[in-house]
2 protein chains.
Amino acid sequence: MDKGLIGGSTVLMLLSLLQEKEYYGYEIIKEIEQRSNCIFQFKEGTLYPVLHRMESQGLVKSYKATAETGKERKYYQITVKGKTQLAKEKEQWNAFTISVKKVLGGAGYACP
Amino acid sequence: MDKGLIGGSTVLMLLSLLQEKEYYGYEIIKEIEQRSNCIFQFKEGTLYPVLHRMESQGLVKSYKATAETGKERKYYQITVKGKTQLAKEKEQWNAFTISVKKVLGGAGYACP
DNA sequence: TGACATACTTAGAATATCTAGGTAATATAT
DNA sequence: ATATATTACCTAGATATTCTAAGTATGTCA
């Protein structure tokens, strides 16, 4: 999958997942992989920095916990700010995909 | 409109336009602006380098001509390689948007 | 014991876009 | 006549982002 395409939708997908429940990073990678039928396969080096950035922006918050398996995990939760951002990004996503379709389809209207 | 989103679809949109007919750079900006109802407003500094890159990759070729208005224009035409690439990018675009929908929608299947 | 999956991290390379400026001609409004 | 806006192209450098690649550590299975 082309990297250019993924870029703009990563945060949208992460926020959408985290609105359902809290996830830890590694779990997110696997979940997105499954849901997309392996179309999206995030590398750890790609995803973790994105989560860190989102946390620094206040879109998510995290806490550490040791799982029954003995491994330490960092769980991420969406914040109020994150939910607001999610709504915005969903809107943008819709406007974006509709607009691309229009350009490909050939429709044409004058701009205000 | 978020820059991240646009990135991956720029070449797709350009190739799609150029399959219809030849365009010059400035005309492409206006055409995409109109078709998208002003959702996409490419800056010249953004579009021209993309066209140059596409030409260096052999996806398009160009020639210069002076319009009746007295202004010199650089017209771009899609190449055979560009048409092949267009087909690929269309496929990728579909796979991409479907996958994002799946992630947002919550569907989940095991990967092979 | 060795290989693999889990789980997180970061530094630096590579890539891409945008900002901001430049050039130059014509058209339009004052 | 002059100022401004539109048309039409270009590029250097700042900015941002992603990916590559490596490191750390634990548990499981053959």
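Numbers restart at 1 for each chain; the letters A, B, ... are given by sequence-line order, proteins then strands. Computed from heavy atoms alone, side chains included, the values below leave out hydrogens, waters and symmetry copies.
Judged by distance alone, the side chains of Q77(B) and Y63(B) never bring a donor and an acceptor atom under 3.5 Å apart.
Within the structure, every side-chain polar atom (N or O) of H52(B) is placed at least 4.0 Å from both OP1 and OP2 of dC9(D). Of the side-chain N and O atoms in R53(A), none sit less than 4.0 angstrom from OP1 or OP2 of dA16(D). Note on K30(A): every side-chain N or O is 4.0 Å or more away from OP1 and OP2 of dA5(C). Phosphate proximity of dA7(C) to Y24(A): present, with a side-chain N or O under 4.0 Å from OP1 or OP2. Within the structure, a side-chain polar atom (N or O) of Y26(A) is placed less than 4.0 Å from OP1 or OP2 of dT6(C).
Atom CD in Q57(B) sits about 12 Å away from atom C1' in dA16(C), given to the nearest Å. Whole-Å rounding puts the K74(A) NZ to dC8(C) C1' distance at 8 Å. Per the geometry, CD belonging to E27(A) stands 14 Å off C1' belonging to dC8(C), to the nearest Å.
Here K21(B) pairs with E27(B) in a salt bridge; the nearest charged N to carboxylate O distance falls below 4.0 Å. With respect to the salt-bridge test (charged N to carboxylate O, under 4.0 angstrom), the residues K83(A) and E89(A) do not qualify.
Looking at heavy-atom distances under 4.0 Å, K64(B) makes no contact with the nucleic acid at all.
Near-neighbour residues of DNA chain C inside residues 41-48 of chain B, defined by a heavy atom below 4.0 Å, number-ordered: K43(B), G45(B), T46(B).
Between H52(B) and Y48(B), the angle of the ring planes stays under 30°, which puts this pair in the parallel group of the 30/60° scheme.
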Can you give me the N/O atom pairs linking the protein to nucleotides 25-29 of chain D at distances under 3.5 Å, or say none if there are none?
from: dT26(D); atom 1: O2; to: K71(A); atom 2: NZ; distance (Å): 3.4
from: dG27(D); atom 1: O4'; to: K71(A); atom 2: NZ; distance (Å): 3.3

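Residues S62(B) and K74(B) share a closest heavy-atom pair of OG-CE, 3.4 Å.
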